[in-house]
Amino acid sequence: MGRDTIADILTSIRNADMDKKGTVRIASTNMTESVVKRLRREGFIENVRKHRENNKSFLVSTLRHRRNRKGTYRLILKRISRPGLRIYSNYQRIPRILGGMGIVILSTSRGIMTDREARLEGIGGEVLCYIW
């Protein structure tokens with residue numbers, strides 16, 4: 001059985017955020033690099049750097065912690081499409097998370113994209129996760 005790399009990324013980020021850690025280490029693959037790049041562009045991650053250790057590459061990401069009036073703001077990451085149940089959407093039916101405040105990450109024929117990018121290009125794909 002293969003590993004679900006997207007779920008591993010989301011779980012690592014969620015656990016680091018809940019524990020209020022500043023950095024998280026993620027195994028580096030093309031898929032993980034694309035997803036982390038999108039998260040950085042959208043402002044959920046502050047900084048990303050590649051680290052090599054014992055012939056294995058890792059992405060070391062610095063999380064951005066936001067505060068609200070009651071304390072800290074929790075990052076919510078939800079895996080949608082999984083290996084046992086793939087969820088696809090055309091560009092007209094890509095969900096809007098919190099009226100556009102959150103993002104949807106999609107795997108399209110042109111690579112990993114956010115919901116805004118996919119709508120602008122007019123392409124759909126596999127809905128990987130929701131983040132808000």
Side-chain angles (χ1 to χ4, degrees):
M1 221 164 94
R3 293 186 62 181
D4 188 6
T5 57
I6 302 298
D8 291 344
I9 296 169
L10 298 178
T11 302
S12 297
I13 293 172
R14 187 182 308 117
N15 289 342
D17 184 54
M18 285 173 39
D19 204 24
K20 296 179 182 143
K21 290 191 176 179
T23 60
V24 62
R25 195 169 107 166
I26 302 166
S28 178
T29 64
N30 289 337
M31 176 78 81
T32 58
E33 286 181 22
S34 296
V35 171
V36 169
K37 188 169 119 180
R38 296 295 181 262
L39 290 175
R40 184 171 183 265
R41 188 184 310 154
E42 293 293 324
F44 294 105
I45 292 177
E46 230 174 87
N47 191 11
V48 179
R49 64 182 167 86
K50 258 192 160 176
H51 180 69
R52 192 164 182 88
E53 185 178 301
N54 297 334
N55 293 331
K56 291 187 180 182
S57 295
F58 295 99
L59 295 173
V60 179
S61 303
T62 305
L63 298 179
R64 176 170 289 164
H65 294 287
R66 294 176 287 196
R67 296 188 178 273
N68 60 11
R69 282 186 264 164
K70 295 181 181 178
T72 59
Y73 174 76
R74 292 281 177 233
L75 187 62
I76 298 173
L77 304 117
K78 186 174 181 184
R79 177 79 158 119
I80 302 303
S81 185
R82 51 192 173 87
L85 179 64
R86 303 288 185 184
I87 307 293
Y88 296 95
S89 177
N90 63 9
Y91 79 97
Q92 296 152 335
R93 293 185 184 225
I94 296 172
R96 292 185 192 272
I97 306 302
L98 294 177
M101 295 293 289
I103 64 169
V104 177
I105 295 183
L106 299 149
S107 176
T108 67
S109 59
R110 295 186 192 155
I112 304 293
M113 294 183 173
T114 62
D115 55 340
R116 291 181 202 102
E117 294 168 343
R119 280 191 203 97
L120 284 175
E121 294 200 22
I123 57 174
E126 182 182 353
V127 179
L128 296 177
C129 60
Y130 298 157
I131 301 167
W132 70 92

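Positions are given from 1, in the same order as the sequence printed here.
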Side-chain heavy atoms under 4.5 angstrom apart, residues restricted to Ile, Leu, Val, Met, Phe, Trp, Tyr: same cluster for Tyr88 and Leu85?
no

Residue pair Ile105, Val35: steps toward the side-chain contact (heavy atoms from CB on, under 4.5 Å) verdict:
CA-CA 8 Å; Ile105 295 183; Val35 171; 4.1 Å; yes

Looking at Phe58, I'd like to know if the NZ or CZ of Arg25 sits under 6.0 Å from its six-membered ring centre while staying within 45 degrees of the ring's axis.
yes

Quick check: do Ile45 and Thr62 have side-chain heavy atoms less than 4.5 Å from each other?
no

Hey, are Arg40 and Glu46 close enough for a salt bridge, meaning a charged N less than 4.0 Å from a carboxylate O?
no

Are the side chain of Thr32 and the backbone of Thr29 linked by a donor-acceptor contact shorter than 3.5 Å?
yes

Side-chain touch Leu77/Asp17, heavy atoms, less than 4.5 angstrom:
no

Under the side-chain contact (heavy atoms from CB on, under 4.5 Å) criterion, do Leu106 and Glu126 qualify, and how do the steps go?
CA-CA 5 Å; Leu106 299 149; Glu126 182 182 353; over 6 Å; no

Hey, what else clusters with Met113 if you join Ile, Leu, Val, Met, Phe, Trp, Tyr whenever side-chain heavy atoms sit under 4.5 Å?
Ile123

Report yes if the side chains of Met31 and Ile6 come closer than 4.5 Å at any heavy-atom pair, otherwise no.
yes

Close side-chain approach of Ser28 to Glu33, heavy-atom, < 4.5 Å
yes

Which heavy atom in Ser12 sits nearest to a heavy atom in Val24, and how many Å separate them?
O-CG2, 3.5 Å

Lys/Arg-Asp/Glu bridge criterion (N-O < 4.0 Å) met for Arg116, Glu42
yes

Test side-chain hydrogen bond (donor to acceptor under 3.5 Å, both in side chains) applied to Arg38 and Thr114, step by step
CA-CA 7 Å; Arg38 296 295 181 262; Thr114 62; 5.9 Å; no

Could you tell me whether the side chain of Arg74 and the main chain of Ile76 form a donor-acceptor pair under 3.5 Å?
no

Would one find more than 12 heavy atoms of other residues, nucleotides or ligands at under 6.0 Å from atom CG of Asn30?
no

Glu117/Arg41 salt bridge by N-O under 4.0 Å criterion
yes

N-O pairing of Asp115 and Arg96 below 4.0 Å
no

Is any side-chain heavy atom of Val48 less than 4.5 Å from a side-chain heavy atom of Val60?
no

Non-hydrogen atoms of Val36 and Ser61 that approach each other most closely:
CG1-OG, 3.8 Å

Taking every heavy atom of Val127 against every heavy atom of Ile80, the minimum-distance pair comes out as O-CB, 3.8 Å

Assess whether side-chain contact (heavy atoms from CB on, under 4.5 Å) is satisfied between Trp132 and Ile103, documenting all intermediate values.
CA-CA 6 Å; Trp132 70 92; Ile103 64 169; over 6 Å; no

Leu10 to Cys129 - nearest heavy-atom pair and separation
CD1-CB, 3.7 Å

Has the side chain of Arg79 got a donor or acceptor atom that lies under 3.5 Å from a matching backbone atom of Leu128?
yes

What closest approach, in Å, do Arg119 and Ile94 show between heavy atoms, and which atom pair accounts for it?
NH2-O, 3.0 Å

Given Ile97 and Ile131, is the side-chain contact (heavy atoms from CB on, under 4.5 Å) satisfied, shown in steps?
CA-CA 8 Å; Ile97 306 302; Ile131 301 167; over 6 Å; no

